[in-house]
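So you know, we letter chains A, B, ... as the sequences are listed, proteins then strands, and number each from 1.
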Amino acid sequence: MPELPEVEVTARGLEQSLAGSEVAAVRVHERRLRWPVTAGLAKRLQGQRLLSVGRRGKYLLWRFPDGVLLCHLGMSGSWRLLPGVAPGREPHDHLEIDFSGGAGGRVQARYNDPRRFGAVLWHANARGDVLAHPLLASLGIEPFDPAFGGPLLRAGLRGLRAPVKQALLAGKVVVGVGNIYASEALFAARIHPQARAGALGDERCARLAQAVRGILGQAIAAGGSTLRDFSHVDGLAGEYTVRALVYGREGEPCHRCGAAIRRIVQGARATYYCPSCQRK
DNA sequence: AAGGTAACCTGACTGC
DNA sequence: TGCAGTCAGGTTACCT
């Protein structure tokens with residue numbers, strides 16, 4: 001589920017409803033996520049006012065006066081907002097945070113994560129800037145940073161012998177390109193997923209940078225809907241119809257040239273591409 | 001030091 | 001219907 005667009009939309013939703021309100025209670029039902037949920041989380045959060053909710057890569061950053069709640073959704077995590085003091089729990093609801101005193105009155109945020117690949121960690125301000133946290137320090141540039149573009153992408157890929165698909169996915173050059181969007185961006189840029197990352201020239205890097213930004217931007221505009229599941233047109237006169245052009249379409253005709261879409265495996269992950277439109 | 005691979009987990013789906 | 005096997009949108013840790 002969660003690639004960058006969904007994380008971005010989640011951050012905006014949380015910030016809109018919860019910023020300015022205060023943590024009234026925290027209940028941790030299951031600590032065993034990717035790493036154990038920080039011990040004593042309730043004590044650290046209790047009574048603190050949520051300042052903002054942002055994002056770095058696919059990490060959510062809940063900023064409080066004393067520190068930052070770092071949260072990653074892994075493969076199957078999600079946050080839901082429930083009005084008031086919502087009773088009952090669904091399977092895989094691992095964490096609940098009750099907020100009060102904000103614009104929306106009492107609101108509860110619940111973290112659900114069937115596969116438990118996600119993370120919920122507290123970073124105290126006393127430990128320094130959260131962006132220097134080991135999980136964040138080596139992340140690539142944000143795709144919507146004005147500095148990101150062909151030249152920076154090319155500089156980042158220089159010298160890499162890995163296939164460009166895997167270089168994108170690694171997130172060391174630019175963050176936010178998940179498995180679906182990697183295939184989609186390469187299709188949009190007409191670059192073969194097995195092309196050597198370091199071999200891409202100025203022009204193809206410029207196309208790829210633009211494709212990455214374009215695809216992610218579209219998905220955010222469409223409300224963070226993930227390409228794969230998105231099958232219906234939304235109400236706005238079909239303005240934001242986002243669908244996968246190659247991902248999950250093995251054997252189906254390419255929308256650009258009609259050739260059969262191929263599926264290969266790179267680093268144990270599926271990649272889809274058009275063998276005719278995309279060149280090494 | 002870049003690059004490959006195993007590992008973390010549950011659930012949905014496929015084919016016998 | 002049941003059961004085994006495969007695959008899933010992410011990332012780190014570890015080995016070469």
Determine whether the aromatic ring centres of A:His29 and A:His94 lie less than 6.0 Å apart. no
What nucleic acid atoms does [X] come within less than 4.0 Å of, heavy atoms only: base, sugar-phosphate, or nothing?
X	answer
A:Leu169	nothing
A:Arg116	sugar-phosphate
A:Ala119	nothing
A:Leu73	nothing

Whole angstrom is fine here: how far is it from [atom1] in [X] over to [atom2] in [N]?
X	N	atom1	atom2	value
A:Met75	B:dC9	CE	C1'	10 Å
A:Arg34	B:dA7	CZ	C1'	8 Å
A:His92	B:dC9	NE2	P	14 Å
A:Arg263	C:dT6	CZ	P	13 Å
A:Gln266	B:dA2	CD	P	19 Å

Does OP1 or OP2 of C:dG9 have a side-chain N or O of A:Arg269 closer than 4.0 Å? yes
Do any N or O atoms from the side chain of A:Thr38 and from the backbone of A:Trp122 form a donor-acceptor pair under 3.5 angstrom? yes
Give none if B:dG4 has no partner; otherwise give the nucleotide forming a Watson-Crick or G-U wobble pair with it, both distances under 3.5 Å. C:dC14
Does a donor on one side chain and an acceptor on the other come within less than 3.5 Å for A:Arg110 and A:Gln108? yes
